[in-house]
Number of protein chains: 2
Amino acid sequence: MLDRQVDAAHMAVERHHEVMLEHLCFAEDGAGACRDARAVLRRRDIAHRHGAADIVCHVSRRPTVSDVAELAGVHRSTAARALNPTTSGLLKRETVARVLEAAQRLQYTPNTIARGLRTNRSSTIGALIPDLTNPLFPPILRGIEEAIMPLGYTALIVNTDNDPERETANFHALLARQVDGLIVATARQHDPMLDEAQRRGVAVVLVNRGTGSRTFPLVAGDDREGVRDAVAHLVGLGHRHIAHLAGPSGVSTAAVRASAFREAVAEHGLAPEATPVVECHGYTEQGGADAMQQVMDARQGATAVLAGNDLIALGAMRAVQARELRCPQDVSVVGFNDMRFADALSPALTTVRVPHRLLGIEAARLLLERIDAPDTPPKTLLLQCELVVRDSTAPPT
Amino acid sequence: MLDRQVDAAHMAVERHHEVMLEHLCFAEDGAGACRDARAVLRRRDIAHRHGAADIVCHVSRRPTVSDVAELAGVHRSTAARALNPTTSGLLKRETVARVLEAAQRLQYTPNTIARGLRTNRSSTIGALIPDLTNPLFPPILRGIEEAIMPLGYTALIVNTDNDPERETANFHALLARQVDGLIVATARQHDPMLDEAQRRGVAVVLVNRGTGSRTFPLVAGDDREGVRDAVAHLVGLGHRHIAHLAGPSGVSTAAVRASAFREAVAEHGLAPEATPVVECHGYTEQGGADAMQQVMDARQGATAVLAGNDLIALGAMRAVQARELRCPQDVSVVGFNDMRFADALSPALTTVRVPHRLLGIEAARLLLERIDAPDTPPKTLLLQCELVVRDSTAPPT
DNA sequence: ATGAAAGCGCTAACAA
DNA sequence: TTGTTAGCGCTTTCAT
């Protein structure tokens with residue numbers, strides 16, 4: 001039909017097609033009356049004038065394998081086999097061609113949902129993200145997408161706003177959609193949602209943030225190493241009073257970075273009094289600004305701060321500038337993550353780059369592995385970080 | 001098992017439960033052998049030691065309505081009715097209670113996919129986004145989510161990278177998942193994907209970017225007004241040579257803003273030679289930097305530029321600084337969007353704020369409307385923009 | 001107020 | 001190589 005051969009056989013099939021489409025209309029209006037009102041509402045009656053015959057046919061619903069089969073003159077299952085690359089080898093070439101052509105004509109697209117019901121797989125994974133507007137997460141999602149799309153998977157992405165209630169609601173929404181697995185960027189040290197996931201036997205991979213236990217695979221940056229590099233950089237510049245503006249407790253990255261900070265400064269022989277750790281109430285600009293106020297109010301002023309992440313660093317720099325102090329001349333600031341625009345801030349932020357896109361890619365890979373083999377012991381993958389020195393750090397004056 | 005009350009009735013139910021679970025195991029290993037290998041692989045055999053009875057039961061698959069019904073001692077359809085708030089009114093209170101309790105005990109979650117197959121709705125919408133790492137889009141997605149989640153919808157989000165091939169592939173992946181509708185932020189003036197969507201009768205709402213025709217509803221910022229305000233601001237500061245760094249052609253926002261720019265400068269009596277429009281090759285920093293070079297190379301230097309968006313503005317400011325010129329003293333720069341961190345750039349960017357989150361909310365509302373009533377004529381909704389004056393604009397020197 | 005039964009679109013074991 | 005058949009989990013009409 002694609003190549004317009006004009007022979008009897010062709011004409012016959014052509015007629016068959018029209019009849020079938022008419023049949024579909026009847027099915028819709030007659031026997032199909034059992035469909036619910038919605039379906040009827042959704043139907044769009046697109047009229048095609050068909051050549052000389054001048055027959056108007058209503059394309060009233062999505063074509064199914066059965067429609068394709070009928071048009072191709074084969075059985076439903078044969079059509080299904082032809083449409084599936086893995087099974088199409090079992091069929092005669094000519095049959096496959098005929099079915100494929102029919103599918104094309106009808107603009108057939110398989111119904112993944114129906115397939116999923118049968119095969120018990122949705123080819124969909126869920127991604128739980130604390131906050132999409134935090135520039136840290138989009139690259140992770142890009143990585144995830146990059147890894148899964150070639151394999152026919154799609155990601156359902158949900159925000160949790162660090163709100164346990166939203167988190168559970170979203171979690172259940174994802175489960176109800178039969179996701180094959182979950183990538184979780186919202187993990188807390190003690191996380192009831194993850195306990196439930198464990199109980200239910202859902203495949204889960206954590207990204208960026210971990211939990212207290214080793215229950216799930218985790219892909220994260222090697223924060224410990226990153227902190228060590230950052231502290232070495234500051235000490236190398238001559239700083240002896242360094243504060244750490246830690247992320248909120250309960251989040252693993254905050255805990256790891258804080259503990260790594262204490263270790264690192266100790267290694268350089270700095271006393272705890274000269275290296276205070278202040279907890280921010282969130283991985284936010286405001287959190288950073290508030291914490292920085294405290295540091296500046298303290299008796300023994302720090303000449304440098306290591307922020308728990310770039311947003312905290314930004315808040316800290318603003319707090320510094322608000323007091324008519326200058327960064328880096330009066331206070332050096334180091335961030336964490338190297339989020340987008342870290343290099344466009346004023347001053348350009350010295351920070352520890354975490355390979356977020358790669359985090360996403362590896363997490364997705366691990367998840368797909370786990371979906372196929374749920375009982376392999378959970379791996380932890382720490383990806384290398386890199387200190388990026390820009391303009392927010394300088395020797396103390 | 002949850003509340004350890006020890007009375008006869010409870011025990012009875014308890015036994016029933018165990019029997020049922022055992023039954024499930026048998027079904028899995030015996031008659032259930034027709035399940036495919038995957039399903040067997042996925043099953044997790046969690047062993048519970050149950051008190052004194054010491055019975056080990058295997059929770060081998062997700063509970064279904066049938067399981068709930070069996071445990072509650074009612075028919076499948078009764079259980080389904082009880083579980084559905086709209087139909088539970090038809091049942092005796094006590095029956096409903098019994099079913100609900102059974103559901104709770106089994107940790108039952110409905111299978112949205114199976115429901116969708118039956119009802120022809122997936123309660124899922126698709127969102128096509130050019131690039132998630134462009135800070136313009138996350139707030140739109142947040143808005144969408146905010147509007148749809150309370151109604152039980154979830155969003156499948158895909159990136160297209162402005163690549164038509166990826167776009168079509170993703171489009172079909174979404175269709176295959178039976179999305180109820182699509183929110184499209186990737187529209188081009190002439191867009192084959194949208195033509196196909198039109199042919200297939202998919203519910204679509206455009207957000208931020210429109211097309212040449214009025215086929216689909218559109219929610220966008222009132223760019224024309226925003227541009228007018230920006231130009232008035234620059235003229236008010238005394239600028240008489242203003243360049244526009246336009247977005248890439250083919251994208252509606254670029255065309256609208258450019259045309260609005262020409263209108264606005266004409267209204268202020270500025271000659272076309274004094275108000276050149278340079279097209280950037282992308283809504284990117286690099287695009288902005290390259291275009292700014294051209295402007296600075298031109299004979300008649302501009303004292304101010306209106307950028308097509310904030311990324312272009314950022315690129316422009318960098319190009320200015322790279323030539324040892326200063327912004328705003330030598331060149332004033334105005335952006336568009338007021339993306340996140342626009343206020344943290346150096347200098348803080350004067351820009352036109354577009355209410356992105358609201359765009360998302362309204363687009364989602366419109367889409368839900370359209371899903372229920374596909375034949376209403378498409379509306380266009382332009383939301384008000386607001387000029388935010390910061391430090392990147394000043395009188396010419 | 002509840003049960004019986006059919007069917008959404010697809011796949012896969014079995015049969016021919 | 002292809003057809004037959006059953007069933008995934010859910011909803012919904014019809015019957016009781």
Side-chain angles (χ1 to χ4, degrees), chain A residues 27-28 31-39 42 61-70 72-84 86-96 98-99 103 106 108-123 176-178, chain B residues 27-28 31-40 42 61-70 72-96 98-99 103 106 108-123 176-178:
Chain A
E28 185 71 38
C34 68
R35 287 170 156 281
D36 63 359
R38 283 246 188 274
R42 284 196 67 198
R61 60 174 170 81
R62 286 204 143 100
T64 72
V65 265
S66 299
D67 299 334
V68 175
E70 196 172 348
V74 296
H75 192 267
R76 304 209 322 270
S77 52
T78 308
R81 276 189 277 255
L83 262 7
N84 186 336
T86 32
T87 51
S88 64
L90 304 171
L91 268 45
K92 241 191 328 201
R93 281 169 156 265
E94 191 227 318
T95 316
V96 175
R98 204 143 37 92
V99 171
L106 294 178
Y108 170 77
T109 34
N111 185 330
T112 311
I113 260 160
R115 174 185 315 189
L117 188 55
R118 184 63 235 249
T119 58
N120 224 351
R121 302 189 122 214
S122 60
S123 294
R177 281 171 181 77
Q178 308 299 111
Chain B
E28 184 71 39
C34 67
R35 289 172 153 279
D36 64 357
R38 285 247 187 274
V40 174
R42 286 197 67 200
R61 60 173 171 83
R62 286 203 142 99
T64 72
V65 264
S66 299
D67 299 334
V68 175
E70 195 171 349
V74 296
H75 192 264
R76 308 209 319 268
S77 50
T78 308
R81 277 189 275 255
L83 261 9
N84 186 336
T86 32
T87 51
S88 64
L90 304 172
L91 268 44
K92 241 192 325 202
R93 279 168 157 265
E94 191 227 318
T95 316
V96 175
R98 206 144 35 93
V99 172
L106 293 179
Y108 170 77
T109 35
N111 185 330
T112 310
I113 258 160
R115 178 194 318 221
L117 189 55
R118 185 60 233 251
T119 58
N120 223 351
R121 303 191 120 212
S122 60
S123 295
R177 280 169 182 78
Q178 309 298 111

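On a predicted model such as this, the values are computed, not experimentally measured, just so you know. Throughout, a chain's letter reflects where its sequence line sits, starting with A, and its residues are numbered from 1.
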Between C/dG9 (P) and B/Arg177 (CZ): distance, integer Å: 18 Å

Those residues that, when tested against A/Ser88, pass side chain to side chain contact (heavy atoms under 4.5 Å, CB included) (two or more places apart): A/Val96

Locate the shortest heavy-atom distance separating B/Leu83 from B/Tyr108; write the atom from each residue and the value. CD2-CE2, 3.7 Å

CD of B/Glu94 versus C1' of C/dA1: gap in Å, rounded? 12 Å

Results of side chain to side chain donor-acceptor pair (under 3.5 Å) for A/Ser77 - residues two or more places apart only: A/His75

Please report, rounded to the nearest Å, how far the P atom of D/dC10 is from the CD atom of A/Gln178. 8 Å

Can you list the residues that meet the salt bridge (Lys or Arg N to Asp or Glu O under 4.0 Å) rule with B/Arg98, with sequence neighbours excluded? B/Glu94

Nearest 0.5 Å please: distance from the CG atom of B/Asn120 over to the CZ atom of A/Arg62. 8.5 Å

Atom pairs, protein N/O to nucleotides 2-4 of chain D N/O, distance under 3.5 Å:
residue: D/dT2; atom: OP1; partner: A/Thr95; partner atom: OG1; Å: 2.7
residue: D/dT2; atom: OP2; partner: A/Lys92; partner atom: N; Å: 2.9
residue: D/dT2; atom: OP2; partner: A/Thr95; partner atom: OG1; Å: 3.3
residue: D/dG3; atom: OP2; partner: A/His75; partner atom: N; Å: 3.1
residue: D/dG3; atom: OP2; partner: A/Thr78; partner atom: OG1; Å: 2.3
residue: D/dG3; atom: N7; partner: A/Arg81; partner atom: NH2; Å: 2.7
residue: D/dG3; atom: O6; partner: A/Arg81; partner atom: NH1; Å: 3.2
residue: D/dG3; atom: O6; partner: A/Arg81; partner atom: NH2; Å: 3.2
residue: D/dT4; atom: O4; partner: A/Ser77; partner atom: OG; Å: 3.3

B/Leu91 side chain near B/Thr78 side chain, heavy-atom distance below 4.5 Å: yes

What is the separation between atom CZ on B/Arg118 and atom P on D/dG7, rounded to the nearest whole Å? 18 Å

Contacts of A/Gly89 and B/Asn84 projected onto DNA chain D by closest heavy atom; the upstream (5') one is A/Gly89

In whole angstroms, how far is the P atom of C/dG7 from the CG atom of A/Asn111? 18 Å

Terminal axes of the helix from C/dA1-D/dT16 to C/dA16-D/dT1 (5 end pairs apiece), angle rounded to 10 degrees, sit apart by 40°

Let me know the distance between CG of A/Asn120 and C1' of D/dG9, rounded to the nearest Å. 10 Å

Could you check how far CZ of B/Arg62 sits from P of D/dG9, rounded to whole Å? 11 Å

Looking at residues at least two apart in the chain, or sitting in another chain, which of them share a side chain to side chain contact (heavy atoms under 4.5 Å, CB included) with B/Arg115? B/Pro110, B/Thr119

Point-to-point distance, once rounded to the nearest 0.5 Å, from CD of A/Gln178 to CD1 of A/Ile113: 10.5 Å

Residue set satisfying side chain to side chain contact (heavy atoms under 4.5 Å, CB included) with A/Thr112, at least two apart, ordered chain then number -> B/Ala176, B/Arg177

Side chain of B/Val65 - closest among D/dG9, D/dT12, C/dC10: D/dG9

Quick one: on DNA chain C, does A/Leu117 or A/Thr87 contact a more 5' nucleotide (nearest heavy atom)? A/Leu117

Could you tell me the separation between the CZ atom of A/Arg115 and the P atom of C/dC8, rounded to a whole number of Å? 18 Å

